[in-house]
Q: 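Submitted below is the structure of interest, expressed as structure tokens.
Counting from 1, the numbers follow the sequence of the chain as shown.
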Amino acid sequence: MAEAADFQGTSPSPARRWLRRTGAVLAGTPLLTGLLQLPAASPAEAAAPAAPRAASDDGSVAVSVDSLTPGAPAEGDTVTVSGTVTNKGKKTVTDASVGLRVGSLLDTRSSIDTVAKNSDDIGSPVGAEIDDKYTEKFTKLTPGVSQPYTISVPADELDLGQDGVYDLSVTLTGETSDQPWEQTLGVRHTFLPWQPDEADTKTKTTFMWPLISTVHMTAETGSDEEQTPVFHDDELAEEISPGGRLDRMVALGKDLDVTWVIDPDLLASVEAMTTRYEIPGENADDKNAVGGHQAVAKRWLTEVQKAVADKEVVALPFGDPDLASLAHHGTSVTGSLRHLKEATDVAAGTVESILHVTASTDFAWPVEGAVDPSIIKVSTSAGADKVITRGDTFEGGRDLTYTPTAPRPIGGGTTAVVADARLSTVFDGDMTRASASTQAVQRFLAQSLTLALQTDRPRSVVIAPQRTPSAAQAQTMAEAIGALQDSTWSQPQDLTAAAKSKPDPDAGTEVPPASAYPKSLRKQELPRSAFEQIARTQEKLDRFKVILSNPSRVVTPFGRALNRGMAASWRGRPAEAAIYRSGVETYLDTLSSQVRLIEKSDTKLSGRSATIPVTVQNNLVQGVEHLVLRLTSTNPTRLEIDGNAYEEQPIAVSGGHSQSVKFTTNANANGRATVVAQLYTQDGRPYGQPVTFDVKVTEITATVMLVIGGGVLLLVLAGFRMYTQRKRAAARQAEEREQENAADAADADAGDAKNPEASERRPTQESAPDTREDAPEQPSDPAPDTAPESADPSGTGERVDR
């Protein structure tokens, strides 16, 4: 929509256009030059040397302005313009001359836009050329060849009048073989702001300096104690390395009076790189794949800490969530606003812990400042009471002849901070070419001065550039801000101060309707399915975390990953966004499946009562608890579990271990009974997949009992007979030994009578314990250790313990 205070600039009258075109025709017809006369020129035109005729509408020579210093000259300064001229035609240009021309005063912001749009149109009006001594001449310009030029002119020689912005043109005149007369073959229009004296009322200008990147970290972490983070690429290392985009943002911003607008996710990601990180699929021996950029990350964070010291810092919600997508597609999905609240809650703490500064979380910044009532509602739902919008999507106010101040109260205690659209978008596009960068700087200064000259009212102007400027764009922005800070019409101001400044009572405060939201931005929004997937993943996380002994190892990385899944940086990259969200959900499913029941095969139950073991396996690093294992009989009339249809037992398993739980069963009839084992959380929600198996019940009959009883009786009788036989044999042996001992004693007594000393030397016979290694095992010996329990499914036809 048109911005307030824009008035149509003057354009050449039809008579003058006819005059210029007629002159070109006459110049191309030498035979008629002496016969026809041109209409008389106006007094103003007669006072100045006539401009050379134009060869064509687009020109055959390209003129660039690669440098203009100073961007806003003062009295006594020397203006230096340099660039190149390139012959893009097919004819050699001879007697070429590059000169400067000061055009009319551009007194409206829209007239500046018009000149910028037609900056290389040789048909646009140009002023009189400055003194011929401030020109650079070329004997010839060969087709396809570029030639540099540099022209320096004292500001006093430019004959600048009142304060304002002037159209400064660099023109190339020359001749060609088929048009052998002096003519304008190329032009480049730029802007020259002129206000040598300090303004009585300076415009307070706030420039937001964004430190934001795309998503780089995954939800995955290592199983080690430090939880080594996993990145899906190494692009962040390139951005923070010397010369990288984010490195340039910090190096340039530290010397500027700006408000730093930071995504805490960027700081958290770089901090994770300071120790050790991994990239899936990379060679484990590659030092870069396992944290080879530690020094780079530490250096960058140190530089950021220095840069933001004593500066205002605004922290966006963690991950920079897409507020418009959330408002248009996410609010109907349960739990979506919960993620925005969590992202806002952790923002300030993250910034403070890493940068050691207190950050403001009062601001919300929708993409490109485009808002409607639903976006405002979502933006303020997490606690922000200031929404950064932009003037091209927010009504400026009726019948205003100037651009109003930035803050606009829009009701409910909320303030819309309306950034100036022209100043905010001037740095869009490719700034790698010096000519484009210089033009952007001069256009920025021109718009700023024209805005300042609109009124003597004190105003606060906010500039919200693109979220992720390139290194070249950042360089251009820094040059423009530096020139503005040295100007006579502007002074810097923090964003918080700008938002608190007195609103203009005549400024518009009506939030644009949903129908006014730009269609180009709506096409880039995250779909409803994205928020449904995030909600589904959150539900799985809620079920998983309640069983963990240390839930923070899972809740924190997954919670931040869900925030990243809503990032505004996914705009224009729907496939990559879907892959990221699916990766988060899949990894969570993988972790959850590490706590499971071991499959069981069919079991035979021979008897009326027995125990059935069920094994729970935990392959996680940490222990699990708060689980309940339920064993259910689908046919309790045939098979009961502890006298009921089911039985539950609490479960707690250490990390990397398995635990077998035994359930008592009672059989009431023969046949098969299906049994279901299922884990539950303590709130009664199923966890994991159930394990189902059949139990074959075989009842013992009376005949079998008689057979078994007879067998037992025979065994008892046989044992009794063996006992009596052994007792009798032992008695006979004892009697025989007594008789032998008596005979031996008699013989010994007779011998002792003959030899008394022999009895003293005879050793006494004592029974000694059997210490042989092959001594028979006794029933009281301990049983050998059993083998560790296998986690594999049980074998077919497993018999349970009775």
Side-chain angles (χ1 to χ4, degrees), residues 205-214 216-217 229 234-277 291-320 346-363 365 427 462-486 491-498:
T205 306
T206 300
F207 202 105
M208 295 166 53
W209 195 256
L211 213 56
I212 303 171
S213 185
T214 56
H216 300 283
M217 285 187 68
D234 213 15
E235 293 179 1
L236 183 55
E238 298 177 6
E239 288 191 301
I240 65 175
S241 295
R245 186 185 72 84
L246 291 173
D247 176 72
R248 296 299 300 151
M249 288 292 296
V250 175
L252 294 168
K254 67 180 181 180
D255 297 324
L256 302 173
D257 288 324
V258 295
T259 293
W260 293 79
V261 181
I262 302 177
D263 177 9
D265 176 36
L266 172 60
L267 301 179
S269 298
V270 177
E271 185 182 48
M273 297 170 59
T274 59
T275 53
R276 184 180 183 273
Y277 65 98
H293 298 288
Q294 295 176 2
V296 171
K298 292 178 181 178
R299 182 198 65 84
W300 187 82
L301 286 179
T302 300
E303 293 300 316
V304 177
Q305 292 171 359
K306 295 178 181 178
V308 302
D310 302 324
K311 300 286 183 66
E312 183 183 37
V313 176
V314 171
L316 299 175
F318 192 99
D320 187 21
V346 302
T350 302
V351 174
E352 185 173 7
S353 64
I354 298 176
L355 298 184
H356 313 301
V357 297
T358 301
S360 171
T361 58
D362 297 338
F363 292 89
W365 188 16
F427 305 107
V462 174
I463 302 166
Q466 56 272 45
R467 262 176 156 72
T468 54
S470 65
Q473 289 171 337
Q475 181 68 45
T476 304
M477 288 160 51
E479 292 177 6
I481 297 171
L484 185 64
Q485 291 176 174
D486 294 335
Q491 67 184 47
Q493 184 182 39
D494 288 343
L495 183 60
T496 299

Q: If you measure from OG1 on Thr468 to CD on Gln466, what distance do you get to the nearest 0.5 Å?
A: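 With rounding to 0.5 Å, OG1 (Thr468) is 7.5 Å from CD (Gln466).
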Q: For a quick test of reading the model, state the closest non-hydrogen atom pair linking Val351 to Ala315 and the distance between them.
A: CG2-CB, 3.9 Å
Q: Do Trp300 and Glu239 make a side-chain contact, defined as non-hydrogen atoms from C-beta onward lying under 4.5 Å apart?
A: no
Q: Would you mind telling me which of Arg467, Met208, Glu312 makes a side chain to side chain contact (heavy atoms under 4.5 Å, CB included) with Val261?
A: Met208
Q: For Thr350 and Val346, work out which heavy atoms get closest and say how close.
A: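 Closest heavy-atom pair between Thr350 and Val346: OG1-O, 2.7 Å.
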Q: Please give me the minimum heavy-atom distance between Lys311 and Gly253, naming the atom from each residue.
A: NZ-O, 3.9 Å
Q: Closest approach of Asp265 and Gly319, non-hydrogen atoms and distance?
A: CB-N, 3.7 Å
Q: In Å, rounded to the nearest 0.5 Å, how long is the span from NE2 of His216 to CE of Met273?
A: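 His216 NE2 to Met273 CE: 9.0 Å, rounded to 0.5 Å.
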Q: Got Arg248 and Gln475 here, is their nearest side-chain heavy-atom distance under 4.5 Å?
A: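 In short, these two side chains touch, coming nearer than 4.5 Å.
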Q: Can you name the closest pair of heavy atoms from Pro317 and Ala347 and give their distance?
A: CA-CB, 4.3 Å
Q: Any chance you could measure Thr214, atom OG1, to Asp263, atom CG, to the nearest 0.5 Å?
A: 10.0 Å
Q: Could you check whether any side-chain heavy atom of Thr496 comes within less than 4.5 Å of a side-chain heavy atom of Phe363, counting everything from C-beta outward?
A: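 Answer yes - side chains close enough.
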Q: Got a second to check how far Leu266's CG is from Leu211's CG, nearest 0.5 Å?
A: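 Interatomic distance, Leu266 CG to Leu211 CG, rounded to 0.5 Å: 5.5 Å.
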Q: Side-chain contact test, heavy atoms from C-beta onward, threshold under 4.5 Å: evaluate it for Leu484 versus Phe207 and give yes or no.
A: no
Q: When rounded to the nearest 0.5 angstrom, what distance separates CE in Met217 from CG in Leu236?
A: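 One finds 10.0 Å between CE of Met217 and CG of Leu236.
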Q: Ignoring hydrogens and angles, tell me if any N or O in the side chain of Thr274 forms a donor-acceptor pair with the backbone of Val270 under 3.5 Å.
A: no
Q: Does a side-chain heavy-atom distance below 4.5 Å link Leu355 with Ile262?
A: yes
Q: Between Ala307 and Lys254, which heavy-atom pair has the shortest distance, and what is it?
A: CB-CB, 3.6 Å
Q: Are the side chains of Ser213 and Glu235 in contact, using a 4.5 Å heavy-atom criterion?
A: no
Q: Against Thr259, only a single residue in Val314, Ile463, Val462 fulfils side chain to side chain contact (heavy atoms under 4.5 Å, CB included); can you say which?
A: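 With Thr259 as partner, side chain to side chain contact (heavy atoms under 4.5 Å, CB included) holds for just one option, Val314.
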Q: For the CG atom of Leu301 and the CD1 atom of Ile240, what is their distance to the nearest 0.5 Å?
A: 7.0 Å
Q: Is the ring pair Tyr277/His293 parallel, tilted or perpendicular, if the boundaries are 30 and 60 degrees?
A: parallel
Q: Donor-acceptor pair, Gln305 side chain versus Ile354 backbone, under 3.5 Å?
A: yes
Q: Within the distance-only criterion (no hydrogens, no angle test), does the side chain of Ser470 pair as donor or acceptor with the backbone N or O of Gln473 below 3.5 angstrom?
A: yes
Q: For Asp257, is there any backbone N or O sitting under 3.5 Å from a side-chain donor or acceptor partner on Gln485?
A: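 Checking the backbone N and O of Asp257 against the side chain of Gln485, a donor-acceptor pair under 3.5 Å is found.
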